[in-house]
Visitor: 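Got a structure for you, questions after.
Each ligand, and each atom within it, is numbered from 1 in the order the structure gives. The figures here come from the full heavy-atom set of this structure, side chains too, leaving out hydrogens, waters and symmetry mates. For clarity, every value in this text was computed on a predicted model and none was experimentally measured. This chain uses plain numbering: 1 for the first residue, then up along the sequence.
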Amino acid sequence: MSSDQAQESVVEERGLAPAGRGPGPGSRAAALHPQSGAVGAQAELAGVLSGQLPLFVYKFGGSSLAGADRILHAAALVRDARRQARLAVVVSAMRGVTDRLLSIAQSLVEGAFGLARAEAEFLLYLHNDALRELHLNSDEHAQVKRDLQSLGRDLLQDLPLQGKRKVDAALFDRLASFGERFSARLFAAALAKLGVPASRVVSSDFLLTSDEFRNAKPDIAQSKRNGREVLRPLLEAGIVPVVTGFIGAARDGRITTLGRNSSDYSGAIVAHVLDANELVIWTDVDGVYTANPGAAPDARLLSDVTYAQAYALAASGAKVLHAEVLPLAAKTRLVVWVRNTFKPHARGTRIGPERAAWSEAVAEGAA
Ligand code: ASP
Ligand code: MG
(Lines give C-alpha, C1' and ligand atoms only; values in the text may rest on other atoms or scores of the structure.)
(Ligands and ions follow the chains in the order given, each with its own letter.)
Protein backbone atom coordinates (compact mmCIF):
# COMPACT_ATOMS: atom_id res chain seq x y z
CA MET A 1 0.00 0.00 0.00
CA SER A 2 1.35 3.17 1.17
CA SER A 3 4.07 5.26 1.09
CA ASP A 4 4.70 7.91 3.36
CA GLN A 5 8.05 8.14 1.72
CA ALA A 6 6.73 9.38 -1.57
CA GLN A 7 4.66 7.27 -3.79
CA GLU A 8 1.41 8.79 -4.92
CA SER A 9 -1.53 6.68 -5.83
CA VAL A 10 -2.05 6.43 -9.55
CA VAL A 11 -5.00 4.12 -9.38
CA GLU A 12 -8.52 5.38 -9.52
CA GLU A 13 -10.75 4.64 -6.61
CA ARG A 14 -12.49 1.41 -7.34
CA GLY A 15 -14.37 -1.08 -5.30
CA LEU A 16 -15.77 1.52 -2.99
CA ALA A 17 -19.14 1.05 -1.47
CA PRO A 18 -21.73 2.76 -3.60
CA ALA A 19 -23.64 5.38 -1.69
CA GLY A 20 -26.64 3.87 0.01
CA ARG A 21 -25.11 0.45 0.60
CA GLY A 22 -23.53 1.53 3.83
CA PRO A 23 -25.07 2.43 7.13
CA GLY A 24 -28.14 4.60 7.31
CA PRO A 25 -27.56 8.29 7.20
CA GLY A 26 -27.46 9.88 10.58
CA SER A 27 -25.67 6.97 12.20
CA ARG A 28 -22.70 8.20 14.15
CA ALA A 29 -20.58 5.48 12.66
CA ALA A 30 -21.66 6.53 9.21
CA ALA A 31 -20.39 10.00 9.82
CA LEU A 32 -17.12 8.70 11.13
CA HIS A 33 -16.36 6.21 8.39
CA PRO A 34 -18.40 7.38 5.46
CA GLN A 35 -20.01 4.39 3.75
CA SER A 36 -18.35 2.03 6.18
CA GLY A 37 -21.24 0.57 7.94
CA ALA A 38 -21.45 -2.44 10.05
CA VAL A 39 -18.14 -2.26 11.82
CA GLY A 40 -18.38 1.29 12.99
CA ALA A 41 -21.97 0.60 13.99
CA GLN A 42 -20.83 -2.37 16.07
CA ALA A 43 -18.19 -0.27 17.77
CA GLU A 44 -20.79 2.36 18.38
CA LEU A 45 -23.19 -0.17 19.85
CA ALA A 46 -20.47 -1.53 22.13
CA GLY A 47 -19.78 2.02 23.25
CA VAL A 48 -23.41 2.77 23.90
CA LEU A 49 -23.85 -0.43 25.90
CA SER A 50 -20.84 0.36 28.04
CA GLY A 51 -22.06 3.91 28.49
CA GLN A 52 -19.06 5.24 26.62
CA LEU A 53 -18.22 6.39 23.17
CA PRO A 54 -16.08 3.98 21.15
CA LEU A 55 -12.35 4.53 21.24
CA PHE A 56 -10.39 4.95 18.04
CA VAL A 57 -6.66 5.28 17.55
CA TYR A 58 -5.70 7.49 14.62
CA LYS A 59 -2.17 7.02 13.30
CA PHE A 60 -0.76 9.64 10.93
CA GLY A 61 2.23 8.94 8.69
CA GLY A 62 4.96 11.38 7.77
CA SER A 63 3.37 12.60 4.55
CA SER A 64 0.19 13.47 6.47
CA LEU A 65 2.36 15.70 8.66
CA ALA A 66 4.54 17.39 6.06
CA GLY A 67 4.13 21.03 7.04
CA ALA A 68 1.75 23.10 9.15
CA ASP A 69 -1.19 22.95 6.74
CA ARG A 70 -1.14 19.18 6.65
CA ILE A 71 -0.77 18.95 10.42
CA LEU A 72 -3.81 21.22 10.83
CA HIS A 73 -5.75 19.17 8.29
CA ALA A 74 -4.96 15.94 10.16
CA ALA A 75 -5.82 17.60 13.47
CA ALA A 76 -9.19 18.62 12.01
CA LEU A 77 -9.92 14.95 11.22
CA VAL A 78 -9.36 14.20 14.90
CA ARG A 79 -11.50 17.12 15.99
CA ASP A 80 -14.37 16.03 13.74
CA ALA A 81 -14.17 12.39 14.84
CA ARG A 82 -14.45 13.47 18.47
CA ARG A 83 -18.14 14.06 17.98
CA GLN A 84 -18.60 10.30 17.75
CA ALA A 85 -15.66 8.73 19.53
CA ARG A 86 -12.88 9.07 22.02
CA LEU A 87 -9.57 9.44 20.26
CA ALA A 88 -5.91 8.74 20.80
CA VAL A 89 -3.37 9.77 18.18
CA VAL A 90 -0.06 8.21 17.17
CA VAL A 91 2.29 10.22 14.97
CA SER A 92 5.31 9.57 12.77
CA ALA A 93 7.98 12.18 12.27
CA MET A 94 7.31 14.82 9.63
CA ARG A 95 8.17 13.52 6.16
CA GLY A 96 11.91 13.14 5.54
CA VAL A 97 12.93 13.94 9.10
CA THR A 98 13.93 10.43 10.20
CA ASP A 99 16.13 10.06 7.12
CA ARG A 100 17.85 13.32 8.00
CA LEU A 101 18.37 12.31 11.63
CA LEU A 102 19.94 9.05 10.53
CA SER A 103 22.16 10.93 8.15
CA ILE A 104 23.29 13.09 11.09
CA ALA A 105 24.25 9.90 12.93
CA GLN A 106 26.10 8.74 9.83
CA SER A 107 27.98 12.05 9.67
CA LEU A 108 29.12 11.40 13.23
CA VAL A 109 30.38 7.97 12.22
CA GLU A 110 32.40 9.65 9.50
CA GLY A 111 33.74 12.25 11.89
CA ALA A 112 31.97 15.06 10.04
CA PHE A 113 30.94 16.87 13.22
CA GLY A 114 30.42 20.26 11.63
CA LEU A 115 28.15 18.77 9.01
CA ALA A 116 26.15 16.85 11.64
CA ARG A 117 25.63 20.06 13.53
CA ALA A 118 24.57 21.98 10.44
CA GLU A 119 22.09 19.24 9.52
CA ALA A 120 20.64 19.40 13.03
CA GLU A 121 20.31 23.19 12.86
CA PHE A 122 18.38 22.76 9.63
CA LEU A 123 15.96 20.34 11.30
CA LEU A 124 15.38 22.79 14.13
CA TYR A 125 14.65 25.45 11.56
CA LEU A 126 12.20 23.15 9.76
CA HIS A 127 10.18 22.46 12.91
CA ASN A 128 10.23 26.08 13.99
CA ASP A 129 9.02 27.04 10.56
CA ALA A 130 6.10 24.60 10.92
CA LEU A 131 5.38 26.13 14.31
CA ARG A 132 5.28 29.63 12.83
CA GLU A 133 2.94 28.45 10.12
CA LEU A 134 0.54 27.00 12.67
CA HIS A 135 -0.26 30.61 13.63
CA LEU A 136 -0.95 29.90 17.28
CA ASN A 137 -1.90 32.63 19.71
CA SER A 138 1.11 34.25 21.30
CA ASP A 139 1.02 32.43 24.66
CA GLU A 140 0.61 29.06 23.05
CA HIS A 141 3.28 29.88 20.46
CA ALA A 142 5.74 30.85 23.19
CA GLN A 143 5.07 27.64 25.10
CA VAL A 144 5.53 25.37 22.10
CA LYS A 145 8.62 27.31 21.07
CA ARG A 146 10.16 26.69 24.49
CA ASP A 147 9.40 22.97 24.15
CA LEU A 148 10.96 22.81 20.69
CA GLN A 149 13.99 24.70 21.97
CA SER A 150 14.42 22.28 24.80
CA LEU A 151 14.26 19.34 22.38
CA GLY A 152 16.72 21.16 20.13
CA ARG A 153 19.15 21.62 23.01
CA ASP A 154 18.97 17.90 23.78
CA LEU A 155 19.61 17.08 20.14
CA LEU A 156 22.60 19.42 19.87
CA GLN A 157 24.02 18.07 23.09
CA ASP A 158 24.52 14.77 21.31
CA LEU A 159 26.50 16.56 18.61
CA PRO A 160 29.57 18.11 20.18
CA LEU A 161 31.85 19.87 17.74
CA GLN A 162 34.93 18.46 19.34
CA GLY A 163 36.02 15.53 21.41
CA LYS A 164 35.46 11.82 21.20
CA ARG A 165 32.04 10.36 20.85
CA LYS A 166 30.96 6.79 20.86
CA VAL A 167 28.68 6.37 17.89
CA ASP A 168 26.79 3.16 18.50
CA ALA A 169 23.35 1.83 17.64
CA ALA A 170 21.96 3.34 20.85
CA LEU A 171 23.02 6.78 19.67
CA PHE A 172 21.41 6.20 16.27
CA ASP A 173 18.12 5.47 18.05
CA ARG A 174 18.38 8.41 20.39
CA LEU A 175 18.97 10.73 17.46
CA ALA A 176 16.26 9.13 15.32
CA SER A 177 13.72 9.55 18.13
CA PHE A 178 13.72 13.34 17.86
CA GLY A 179 11.52 13.37 14.75
CA GLU A 180 8.52 11.89 16.53
CA ARG A 181 9.19 13.96 19.64
CA PHE A 182 9.05 17.15 17.57
CA SER A 183 6.00 16.13 15.53
CA ALA A 184 3.99 15.02 18.57
CA ARG A 185 4.55 18.43 20.15
CA LEU A 186 3.42 20.23 17.00
CA PHE A 187 0.40 17.96 16.57
CA ALA A 188 -0.77 18.52 20.15
CA ALA A 189 -0.45 22.26 19.56
CA ALA A 190 -2.50 22.02 16.35
CA LEU A 191 -5.25 20.16 18.20
CA ALA A 192 -5.27 22.77 20.97
CA LYS A 193 -5.60 25.48 18.34
CA LEU A 194 -8.72 23.70 17.06
CA GLY A 195 -10.17 23.62 20.57
CA VAL A 196 -9.26 20.00 21.35
CA PRO A 197 -7.44 19.46 24.64
CA ALA A 198 -4.37 17.39 23.82
CA SER A 199 -1.20 16.26 25.45
CA ARG A 200 2.00 14.91 23.94
CA VAL A 201 3.08 11.53 25.27
CA VAL A 202 6.58 10.20 24.57
CA SER A 203 6.10 6.47 24.08
CA SER A 204 9.40 5.63 25.76
CA ASP A 205 7.51 6.45 28.98
CA PHE A 206 5.57 3.21 28.66
CA LEU A 207 6.65 1.16 25.65
CA LEU A 208 9.17 -1.29 27.00
CA THR A 209 11.41 -3.03 24.48
CA SER A 210 14.45 -5.28 24.17
CA ASP A 211 17.77 -3.51 23.82
CA GLU A 212 18.19 -4.51 20.18
CA PHE A 213 18.72 -0.93 19.10
CA ARG A 214 17.39 0.08 15.68
CA ASN A 215 15.07 -2.92 15.65
CA ALA A 216 13.90 -3.38 19.21
CA LYS A 217 11.18 -5.88 20.12
CA PRO A 218 8.38 -4.57 22.31
CA ASP A 219 7.29 -6.32 25.48
CA ILE A 220 3.61 -6.06 24.67
CA ALA A 221 2.22 -7.26 28.00
CA GLN A 222 4.36 -4.97 30.13
CA SER A 223 3.82 -2.05 27.76
CA LYS A 224 0.09 -2.58 28.07
CA ARG A 225 0.22 -2.42 31.84
CA ASN A 226 2.43 0.69 31.80
CA GLY A 227 0.60 2.34 28.95
CA ARG A 228 -2.81 2.14 30.53
CA GLU A 229 -1.55 4.06 33.52
CA VAL A 230 -0.15 6.78 31.32
CA LEU A 231 -2.93 7.05 28.73
CA ARG A 232 -6.17 6.24 30.52
CA PRO A 233 -6.14 9.24 32.91
CA LEU A 234 -5.73 11.52 29.90
CA LEU A 235 -8.69 9.96 28.08
CA GLU A 236 -10.78 10.08 31.23
CA ALA A 237 -10.05 13.79 31.51
CA GLY A 238 -11.19 14.30 27.90
CA ILE A 239 -7.65 14.92 26.69
CA VAL A 240 -6.41 13.42 23.41
CA PRO A 241 -3.04 11.75 23.95
CA VAL A 242 -0.69 12.44 21.04
CA VAL A 243 1.76 9.57 21.24
CA THR A 244 5.10 9.32 19.44
CA GLY A 245 5.25 6.35 17.07
CA PHE A 246 8.48 4.46 16.38
CA ILE A 247 10.14 4.74 19.80
CA GLY A 248 10.31 2.83 23.04
CA ALA A 249 12.79 2.32 25.84
CA ALA A 250 14.94 -0.56 26.98
CA ARG A 251 14.79 -1.73 30.58
CA ASP A 252 17.62 0.60 31.54
CA GLY A 253 15.66 3.58 30.17
CA ARG A 254 17.68 4.13 27.00
CA ILE A 255 15.60 5.09 23.98
CA THR A 256 15.10 2.42 21.33
CA THR A 257 13.26 2.32 18.02
CA LEU A 258 11.09 -0.45 16.61
CA GLY A 259 12.75 -0.19 13.17
CA ARG A 260 12.05 1.87 10.06
CA ASN A 261 8.43 2.59 9.24
CA SER A 262 7.29 1.05 12.49
CA SER A 263 4.88 3.72 13.59
CA ASP A 264 2.02 1.64 12.13
CA TYR A 265 3.12 -0.97 14.63
CA SER A 266 3.17 1.63 17.40
CA GLY A 267 -0.40 2.48 16.38
CA ALA A 268 -1.43 -1.16 16.80
CA ILE A 269 0.35 -1.37 20.15
CA VAL A 270 -1.37 1.77 21.44
CA ALA A 271 -4.72 0.42 20.20
CA HIS A 272 -4.02 -2.81 22.10
CA VAL A 273 -2.93 -0.93 25.23
CA LEU A 274 -6.21 0.94 25.25
CA ASP A 275 -8.46 -1.91 24.04
CA ALA A 276 -9.49 0.44 21.26
CA ASN A 277 -12.38 -0.47 19.00
CA GLU A 278 -10.49 0.40 15.85
CA LEU A 279 -7.14 1.59 14.55
CA VAL A 280 -7.17 3.93 11.56
CA ILE A 281 -3.90 4.21 9.65
CA TRP A 282 -4.12 7.55 7.83
CA THR A 283 -1.75 7.56 4.89
CA ASP A 284 -1.34 8.92 1.38
CA VAL A 285 -3.02 6.17 -0.63
CA ASP A 286 -6.66 5.12 -0.76
CA GLY A 287 -6.23 1.81 1.03
CA VAL A 288 -4.85 -1.66 0.43
CA TYR A 289 -4.42 -2.74 -3.19
CA THR A 290 -4.15 -6.16 -4.80
CA ALA A 291 -0.61 -5.20 -5.87
CA ASN A 292 1.65 -2.18 -5.70
CA PRO A 293 -0.29 0.40 -7.76
CA GLY A 294 2.95 2.10 -8.77
CA ALA A 295 4.25 -1.08 -10.41
CA ALA A 296 1.02 -2.80 -11.50
CA PRO A 297 -1.43 -0.54 -13.32
CA ASP A 298 -4.24 -3.07 -12.94
CA ALA A 299 -3.91 -3.16 -9.16
CA ARG A 300 -7.33 -2.98 -7.53
CA LEU A 301 -8.24 -1.19 -4.34
CA LEU A 302 -9.76 -3.57 -1.80
CA SER A 303 -12.60 -2.42 0.40
CA ASP A 304 -12.74 -5.20 2.91
CA VAL A 305 -10.26 -7.95 3.71
CA THR A 306 -9.76 -10.49 6.46
CA TYR A 307 -6.49 -10.85 8.32
CA ALA A 308 -5.88 -14.06 6.34
CA GLN A 309 -6.40 -12.27 3.04
CA ALA A 310 -4.15 -9.44 4.16
CA TYR A 311 -1.44 -11.97 5.08
CA ALA A 312 -1.76 -13.57 1.66
CA LEU A 313 -1.46 -10.18 -0.02
CA ALA A 314 1.61 -9.30 2.01
CA ALA A 315 3.16 -12.67 1.17
CA SER A 316 2.54 -12.08 -2.53
CA GLY A 317 4.50 -8.85 -2.35
CA ALA A 318 1.77 -6.22 -2.03
CA LYS A 319 2.90 -3.69 0.54
CA VAL A 320 0.14 -3.85 3.10
CA LEU A 321 1.29 -2.60 6.47
CA HIS A 322 4.32 -2.85 8.69
CA ALA A 323 4.89 -6.60 9.06
CA GLU A 324 4.11 -6.70 12.78
CA VAL A 325 0.70 -5.03 12.55
CA LEU A 326 -1.27 -7.97 11.17
CA PRO A 327 -0.09 -10.55 13.72
CA LEU A 328 -0.94 -8.25 16.63
CA ALA A 329 -4.25 -7.16 15.09
CA ALA A 330 -5.27 -10.75 14.37
CA LYS A 331 -4.35 -11.89 17.86
CA THR A 332 -6.35 -9.11 19.50
CA ARG A 333 -9.09 -9.01 16.83
CA LEU A 334 -8.42 -5.34 16.30
CA VAL A 335 -10.13 -3.83 13.26
CA VAL A 336 -7.64 -1.84 11.19
CA TRP A 337 -8.60 0.72 8.57
CA VAL A 338 -6.22 2.09 5.95
CA ARG A 339 -7.46 5.46 4.76
CA ASN A 340 -6.25 8.42 2.73
CA THR A 341 -5.69 11.57 4.79
CA PHE A 342 -6.13 13.67 1.68
CA LYS A 343 -9.45 12.03 0.73
CA PRO A 344 -11.20 11.68 4.06
CA HIS A 345 -14.53 11.03 2.35
CA ALA A 346 -13.25 7.88 0.67
CA ARG A 347 -13.97 4.76 2.63
CA GLY A 348 -10.55 3.14 2.65
CA THR A 349 -9.85 -0.53 3.37
CA ARG A 350 -11.08 -2.39 6.40
CA ILE A 351 -9.02 -5.30 7.71
CA GLY A 352 -10.80 -7.41 10.28
CA PRO A 353 -11.52 -10.87 11.64
CA GLU A 354 -14.15 -11.41 8.98
CA ARG A 355 -15.50 -9.43 6.11
CA ALA A 356 -18.38 -7.19 7.04
CA ALA A 357 -21.60 -8.93 5.94
CA TRP A 358 -22.59 -6.18 3.57
CA SER A 359 -19.26 -6.18 1.77
CA GLU A 360 -20.07 -9.15 -0.47
CA ALA A 361 -22.78 -7.09 -2.09
CA VAL A 362 -20.47 -4.14 -2.31
CA ALA A 363 -17.75 -6.21 -3.98
CA GLU A 364 -20.22 -7.62 -6.49
CA GLY A 365 -21.66 -4.22 -7.16
CA ALA A 366 -18.24 -2.80 -7.84
CA ALA A 367 -16.94 -5.65 -9.96
N1 ASP B 1 9.60 7.98 11.35
C2 ASP B 1 9.96 6.57 11.31
C3 ASP B 1 10.57 6.22 9.96
O4 ASP B 1 10.62 7.06 9.09
C5 ASP B 1 8.80 5.69 11.61
C6 ASP B 1 7.66 5.76 10.63
O7 ASP B 1 7.53 6.75 9.91
O8 ASP B 1 6.83 4.84 10.61
O9 ASP B 1 11.03 5.13 9.81
MG1 MG C 1 6.50 6.29 7.62
Visitor: Mind checking the OG-CZ spacing from Ser63 to Arg70? Nearest 0.5 Å is all I need.
Guide: 6.5 Å
Visitor: Please check this pair: side chain of Asp173 against backbone of Thr257, looking for a donor-acceptor N/O pair closer than 3.5 Å.
Guide: yes
Visitor: So if I count the atoms of ligand 1 from 1 in the order they appear, which ones are less than 4.0 Å from some heavy atom of Ser92?
Guide: 6 (C), 7 (O), 8 (O)
Visitor: Going by the atom numbers of ligand 1, which of them fall below 4.0 Å from some non-hydrogen atom of Thr98?
Guide: 1 (N), 2 (C), 3 (C), 4 (O)
Visitor: Using a heavy-atom cut-off of under 4.0 Å, does the side chain or the backbone of Ala176 touch ligand 1, or both, or neither?
Guide: neither
Visitor: Quick one: CG on Leu207 to CD1 on Ile247, what's the gap to the nearest 0.5 Å?
Guide: 9.0 Å
Visitor: Between ligand 1 and Gly245, can you find any atom pair, the residue atom being a heavy atom, that is separated by under 4.0 Å?
Guide: no
Visitor: Taking the minimum heavy-atom distance to atom 8 (O) of ligand 1, which of Ala93, Ser263, Ser266 ranks first?
Guide: Ser263
Visitor: Ignoring hydrogens and geometry, is there a side-chain-to-backbone donor-acceptor pair from Arg200 to Ala188 under 3.5 Å?
Guide: no
Visitor: Could you pull out, from Arg95, Met94, Glu180, Lys59, the option with a heavy atom nearest to atom 1 (N) of ligand 1?
Guide: Glu180
Visitor: I want to know whether Tyr265 and Phe246 have ring centres closer than 6.0 Å.
Guide: no
Visitor: If you count heavy atoms of other groups shown closer than 6.0 angstrom to NZ of Lys331, is the number above 12?
Guide: no
Visitor: Going by the atom numbers of ligand 1, which of them fall below 4.0 Å from some non-hydrogen atom of Arg260?
Guide: 3 (C), 4 (O), 9 (O)
Visitor: Using a 4.0 Å cutoff against the non-hydrogen atoms of Asn261, which atoms of ligand 1 qualify?
Guide: 3 (C), 5 (C), 6 (C), 8 (O), 9 (O)
